[in-house]
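Here is the naming used below: chain letters follow the sequence lines, and residue numbers restart at 1 for every chain.
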2 protein chains.
Amino acid sequence: MPDRPSSARAAARGVTVSLDVVLFTARGSELAVLLTPAAPSRTRGAGRDRWALPSDAPRADESLDDAAERIARDAFGSAPSMLEQSGAIGGGRRHNEGPRVTIAYFGLVPEGTASTKRGASWFAMSELPPLSQRQRESVDAAVAAMRARVDQQPIAFRLLPAAFTLSELQAIYELLLGRRLHKASFRRSLHASALVEATDEWRSEGRGRPAQLFRFAPPRRRRQRRGIRFDLLG
Amino acid sequence: MPDRPSSARAAARGVTVSLDVVLFTARGSELAVLLTPAAPSRTRGAGRDRWALPSDAPRADESLDDAAERIARDAFGSAPSMLEQSGAIGGGRRHNEGPRVTIAYFGLVPEGTASTKRGASWFAMSELPPLSQRQRESVDAAVAAMRARVDQQPIAFRLLPAAFTLSELQAIYELLLGRRLHKASFRRSLHASALVEATDEWRSEGRGRPAQLFRFAPPRRRRQRRGIRFDLLG
DNA sequence: TGACTTATTATCATTTTGATACTAATTCGC
DNA sequence: GCGAATTAGTATCAAAATGATAATAAGTCA
C-alpha cells in the first residue's frame, strides 16, 4: 500500500466510539469513584457487572469534551470541578461487535459533595465492584492520568470545597501521592507559591485548635522553574 | 432520558476514527516534525495542504498502539524510539462527513537518524507548512503532551542516539523546556540520579576538549521523591 | 483546672541549588 | 611549535530549600 497518506481517504467507517467518565472524590484517606447501576444484564453473562462507569456515545455536533461533561452531569447531577481526558483505549475487534474505541475522561468532585442522581454511588478504590475489562482499563487510565498531573494542574484543590484548611489540603496530597508529607515544609512552599490566600474564617472541628480556612488562588504568573527533577523519571 | 447507563447500548455506530502520528526529532535548537506528501487535493480547496501528518485508520483486530506503530513505520521506515498517545480530538460533525474522532500520537526519533520513506521529510516547528485544522490540533496536542511528560518519561534520551555527550543531553533539555540550564547543576543532579553511565569512548567534535560518551541507564529503583513542587502548578 | 488534641510557627542543621571561577584537552592561526 | 580560542568537566562558596524538632496557640474533654 504505497500511497494512502490522507487520513480522510484512509479512514474506515463504522467504529463504535464511547466515552467513559471516571469521577473521583476523596473519601477518608482514599479515592472513590462514582458508579451507576448497570443496565440489567444486556451483555452475555447474566448477573455480572451490576455497576458501571457513567458512559455514553458522543452525540452528533457535540465535542468530546462536551459529551464528557454531559455524561458527568447526568451521573452526578452537576458539573465536576475539573474534567479532563485521560486517553483513548481500544481498537481491535471485540465482543463480535466490530472495533470499539473508548475515550476515558477523569473528573474531580469536591470531597463531601453529596447529591448523586439516579442511584449512582461512590465506591472506594479498594472496594470497586467488578467492572467490564474495558471499564477497568478506563479506571486505571484515569488514575494514572490524574496522578501524572498532580503537580501540573490544581488537582488537589479541585477535590476540596472552595474553603479548606491546610491540613485538609495536605491530606489530599498525601492521598494522591500515597506518602506522608512534612507539615512545616508543605506549608512553607505552599505559602511561598502564593497558591492559597487566607480567609478570615476559622473552623473548629472536634478537639484541638481551630484551623484557618484558605481558598485557592490561581497563580497569576508562573514562577521561574528550577533545575531538572531527574529523580521523577522512570 | 432517564435510563441509558450502558455504554454498549448507548454507543452510536458510524464514527470515523483515524490516528495522527506526530514524529518528533531534534534539529539544531528546535523540534522538527515528520510530514508526508498529501494526496493530491482530494478535499475541497485545491492546492492546499500539500503536506500532512502520517495518518490512517486502525485496522480490524489492531490495537490503537499497534496502529500508531504501523503508521509511524510506514512514514519513517522503522519504529520510533518512543510512541505514546497524546489524546483524542474531535467529535461533532464536520466536513459534512459525519462525526470524526482523531487520536493523536507522538513519537520520538533520535537526532540525526536519516532514512524516511516515501518522500516524507522533516519540518522545523517554526516552519511547518499549512496543515488541516485537525492536524494542526494534533501537532499542538502532541507538543503539549510531550512537554508535560518531560520529567516523567525519558523523553530527552529518546531524542538522542544510544551514546551521547552530556552537552548534547543538556541541549535537548534546553530545547524541550525552552530555557537555558545551569551546566554544573545539570550534571550534578544527573549523576546523582544515576540515569546515565559513562562509556569509555570519547568524541572529539571540532574544536575544544573531547567529550565523554554516556548511555542511558534506566532507573532500577525510583528514588524517594521530595516535597511538592507547587511552583510547577498552574 | 489540667490533660489532651490539633494548628501554627520558630529554630537550626543538612541538603540542594546557582554563580563563578578554575582546570583539562583539543583545534586553529600563525 | 606556540598561544589564543573553544569546549568539557570540576571545585568552591554563598544562597535557598528542606526536614527534624520543638515551642507556642487555642480549642475540647473529663
Separation of C:dG18 atom P from A:Ile228 atom CD1, nearest Å, is 10 Å

Residue pairs meeting side chain to side chain donor-acceptor pair (under 3.5 Å), one or both in residues 23-34 of chain B, sequence neighbours left out, come to B:Glu30-B:Ser126

The salt bridge (Lys or Arg N to Asp or Glu O under 4.0 Å) partners of B:Arg136 (sequence neighbours excluded) come to B:Asp140

Please report, to 0.1 Å, the donor-acceptor pairs under 3.5 Å made by any side chain of residues 194-201 of chain A, with sequence neighbours excluded.
from: A:Glu197; atom 1: OE2; to: A:Arg215; atom 2: NH1; distance (Å): 3.0
from: A:Thr199; atom 1: OG1; to: A:Glu201; atom 2: N; distance (Å): 3.2
from: A:Thr199; atom 1: OG1; to: A:Leu213; atom 2: O; distance (Å): 2.8

Separation of C:dT6 atom P from A:Arg187 atom CZ, nearest Å, is 13 Å

A:Leu190 atom CG is separated from C:dA7 atom P, nearest whole Å, by 15 Å

Rounded to whole Å, the CD-C1' distance (B:Glu205 to C:dA25) equals 15 Å

So ring pair (Phe, Tyr, Trp, His ring centres under 6.0 Å) across residues 121-153 of chain A, not counting sequence neighbours, yields A:Trp51-A:Phe123

To the nearest angstrom, the CG-P distance between B:Leu181 and D:dA8 comes to 15 Å

By salt bridge (Lys or Arg N to Asp or Glu O under 4.0 Å), A:Glu111 pairs with (sequence neighbours left out) none

With a 4.0 Å cut-off on heavy atoms, is B:Ser167 in touch with a base, just the backbone sugar-phosphate, or nothing at all? sugar-phosphate

In B/S/- notation (B base, S sugar-phosphate only, - none; protein heavy atoms under 4.0 Å), nucleotides 19-28 of chain D written 5' to 3' is BBB---BBBS

Exercise for the section: Compute whether any side-chain donor of one residue and acceptor of the other, for A:Asp20 and A:Ser55, lie under 3.5 angstrom apart. Expected result: yes

Separation of C:dT9 atom C1' from A:Phe186 atom CZ, nearest Å, is 16 Å

Between CZ of A:Phe164 and C1' of C:dA7 the distance, given in whole Å, is 16 Å

Between CZ of A:Arg203 and C1' of C:dA7 the distance, given in whole Å, is 13 Å

